[in-house]
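Worksheet: the structure to be examined is printed underneath.
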Amino acid sequence: MNHGAFQNVQGTKDYLPVEYSNQEFDSEVYRYIQEKFIQFATCYGYKEIVIPTIEVASLYQRGVGDTTDVVQKEMYTIETSKDTISLRPEGTAGVARSYIQNKLYASPNETVKLSYRGSMFRRENPQAGRQREFTQLGIEAIGNASPYLEAEVIALADQFLKSLWLTTFELQLNNIGCKECRNRYKQELLGFLENQVGLCEDCESRKIKNPLRTLDCKNKDCQKIYTDVPLLKEFRCEVCENDFTELKRILTLLDIPFTENEKLVRGLDYYSGTAFEFVETSIGAQSTLCGGGRYNGLIEELGGPTISGIGFAIGLERLFMVLQKNGLFEKTKEFIDYYLIWTNEETRDIQMKIANILRKKGFKVEMEFSFKKMKSQFRIADRKNAKVVLVLGEDELANQEITIKNMDTGEQTKEPLINYLEGGD
Ligand code: HAM
């Protein structure tokens, strides 16, 4: 009996070397994005944490929130005779658990900065940009409540997205207040919701369990109803309002544009104060590339000290979609910094020396060792995606110069040869 070949589970993906795949599943791009993220996180002082893919279900029930869609509807949970275990739907609760268990709060560093990456699992209806297994790139900074840290966290996400040549995203910002602000607001919001007719089924149920979540309902009829909804900003206490003003001031100082979105509430319960999303305009419905915010009560809620945290997570599959949509895959290809061209034995020796010096400085450098025409050396440089080609021919040698060709712009300049022979000791 032929049962047919196995297929991957809906909402999961294989990433293959590009020669076996269409671009959407290119494993080289997958790795490139992750490496770039680690590079950025490292520049901002984040160290990598690796946490398990499974945790006890109650960690998410208490951490992420019992009434959230993620916990109520989307977790893959297995009950064994001993415990109930879930595949992680997100990374923050697991990082917080590890932070407490390993007593990282005893660290002499005021702020513990951790980065992570890996698969998350949510039982969703698969569609473009919405997977059942997806990859998050995330950071968490625990132990400091300064708006400067918030701005730094947002700057990291902003710079990382820009480093992938993304230009059509928007940073949306809100401050959802502390517990006290939200409690006051919830009363007002409930009063408003109770007087509305025609709310969707989800909003009817959220109204009771988690009224704030009604605000980011995507249903068009609900959105119409919420045009007149009372806004949280009218209920923010002075401390939250000042924090928000200060964060906006620092973002402006850093030239990071943002849009205030008073209805941005985020889908997970641990948030308080600052909440933000990076939203892409060039893809369809699943356009939130990155979501994050402050979580002041989470560590305490999970049994740790009273300490504040902030972080974000980026969905790698959504970055793929944007890169593909905007024809940016080529840019992620491996490159070398310098390709060195020579024309005779003497210039080969000098280029060999220069290669050695540049590599010592940390550059990726390549050259041929057997004689090839200049044209074919340029072809190889092109294939290897060289950023810069250094040409040392007889004319250059006679003038004690070297030709520098920028392969992106085609621009050619000359410099004294000695400049490239310095720093070899
Ligand atoms: P989140 O908004 O649930 O936040 O997810 C963050 C990002 O993960 C989303 O913006 C999206 O790009 C991606 N994502 C979420 N669900 C899916 C899915 N089903 N398929 C593909 N991509 C998806 C969190 O997870 C928080 N832990 C972020 C955070 C960290 N907040 C503070 N620290």
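For ligands, and for the atoms within them, numbers begin at 1 and follow the listed sequence. Just the heavy atoms: all of them, side chains too, but no hydrogens, waters or symmetry mates, feed the values below.
Heavy-atom proximity to Gln131, at under 4.0 Å, picks out these atoms of ligand 1: 18 (C), 19 (N), 20 (N), 21 (C). Annotation for ligand 1: atoms under 4.0 Å from non-hydrogen atoms of Gly291 are 10 (O), 28 (C), 29 (C). Proximity to Leu289 (heavy-atom distance under 4.0 Å) selects the following atoms of ligand 1: 10 (O), 12 (O). Every atom of ligand 1 is numbered from 1 in the order shown, and the set under 4.0 Å from a heavy atom of Arg122 is 1 (P), 3 (O), 5 (O), 15 (C), 16 (N), 25 (O). Within the listing of ligand 1, atoms 26 (C), 28 (C), 29 (C), 31 (N), 32 (C) sit less than 4.0 angstrom from a heavy atom of Tyr271. Near Thr92, meaning under 4.0 Å from one of its heavy atoms, ligand 1 places the atoms 26 (C), 27 (N), 29 (C), 30 (C), 31 (N), 32 (C), 33 (N). Short contacts between ligand 1 and Gly292, defined as distances under 4.0 Å to a heavy atom of the residue, involve ligand atoms 31 (N). Heavy-atom proximity to Glu90, at under 4.0 Å, picks out these atoms of ligand 1: 25 (O), 26 (C), 27 (N).
In this comparison of Arg130, Gln136, Glu140, the heavy atom closest to atom 33 (N) of ligand 1 sits on Glu140. Looking at Gly315, Ala96, Ser287 and measuring to atom 13 (C) of ligand 1, the nearest heavy atom belongs to Gly315. Nearest-residue assignment for atom 18 (C) of ligand 1 (options Phe134, Phe278, Phe276; heavy-atom criterion): Phe134. Looking at Gly129, Cys290, Gly91, Gly63 and measuring to atom 21 (C) of ligand 1, the nearest heavy atom belongs to Gly129.
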Apply the test side chain to side chain donor-acceptor pair (under 3.5 Å) to residues Arg123 and Tyr76: give CA-CA distance (whole Å), side-chain angles for both, the deciding distance (0.1 Å), then the verdict.
CA-CA 7 Å; Arg123 214 164 60 192; Tyr76 288 96; 5.6 Å; no
Under the criterion salt bridge (Lys or Arg N to Asp or Glu O under 4.0 Å), I'd like the reasoning laid out for Arg206 against Asp216: C-alpha separation, chi angles, the key distance, then a yes or no.
CA-CA 11 Å; Arg206 285 177 186 143; Asp216 70 353; 5.4 Å; no
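Residue contacts with ligand 1 for Pro89 are absent, since no atom lies close enough (heavy atoms, distance under 4.0 Å). Neither the backbone nor the side chain of Arg132 has any atom closer than 4.0 Å to an atom of ligand 1 (non-hydrogen atoms only). At a heavy-atom distance under 4.0 Å, only side-chain atoms of Glu124, from C-beta outward, approach ligand 1. Counting heavy atoms under 4.0 Å from ligand 1, residue Ile310 does not touch it at all.
Note: Phe312 and Phe278 fail the aromatic proximity criterion, with ring centroids not under 6.0 Å apart.
Note on residues 222-243: pairs passing ring pair (Phe, Tyr, Trp, His ring centres under 6.0 Å), not counting sequence neighbours, are Tyr185-Phe235.
In this structure, the protein non-hydrogen atom closest to atom 7 (C) of ligand 1 is Ala313 O, 3.5 Å. Considering only non-hydrogen protein atoms, atom 24 (C) of ligand 1 sits nearest to Leu268 CD1, 3.5 Å. Protein heavy atom closest to atom 9 (C) of ligand 1, with residue, atom name and distance, is Thr288 O, 3.9 Å.
Judged by the shortest distance from any of its heavy atoms, Arg266 lies inside the 4.0 Å radius around the atoms of ligand 1.
Close N/O approach between Glu317 and ligand 1 is not found [any backbone or side-chain N/O within under 3.5 Å]. Close N/O approach between Tyr270 and ligand 1 is found [any backbone or side-chain N/O within under 3.5 Å].
The backbone N or O of Asn175 sits less than 3.5 Å from a side-chain atom of Arg236, completing a donor-acceptor pair.
The side-chain tip of Lys364 does not point at the ring of Tyr338 from less than 6.0 angstrom away and within 45° of straight on. With a 6.0 Å cutoff to the six-membered ring centre and a 45° limit on the axis angle, Lys405 does not count as a cation-pi contact of Tyr339. Cation-pi contact between Lys331 and Phe329: absent, since separation from the ring centre below 6.0 Å together with deviation from the ring axis within 45° is not met.
Ionic pairing of Glu55 and Arg88 is not present here: no N-O contact between side-chain nitrogen and carboxylate oxygen is shorter than 4.0 angstrom. Using a 4.0 Å cut-off between a side-chain N of Lys or Arg and a carboxylate O of Asp or Glu, Lys361 and Glu422 do not qualify as a salt bridge.
Within the 4.5 Å cutoff, no side-chain heavy atoms of Leu87 are placed close to those of Thr77. Here the side chains of Phe320 and Arg318 are not in contact, with every heavy-atom distance at 4.5 Å or above.
By the ring-ring contact (aromatic ring centres under 6.0 Å, His included) test, Tyr30 pairs with Tyr15, sequence neighbours left out.
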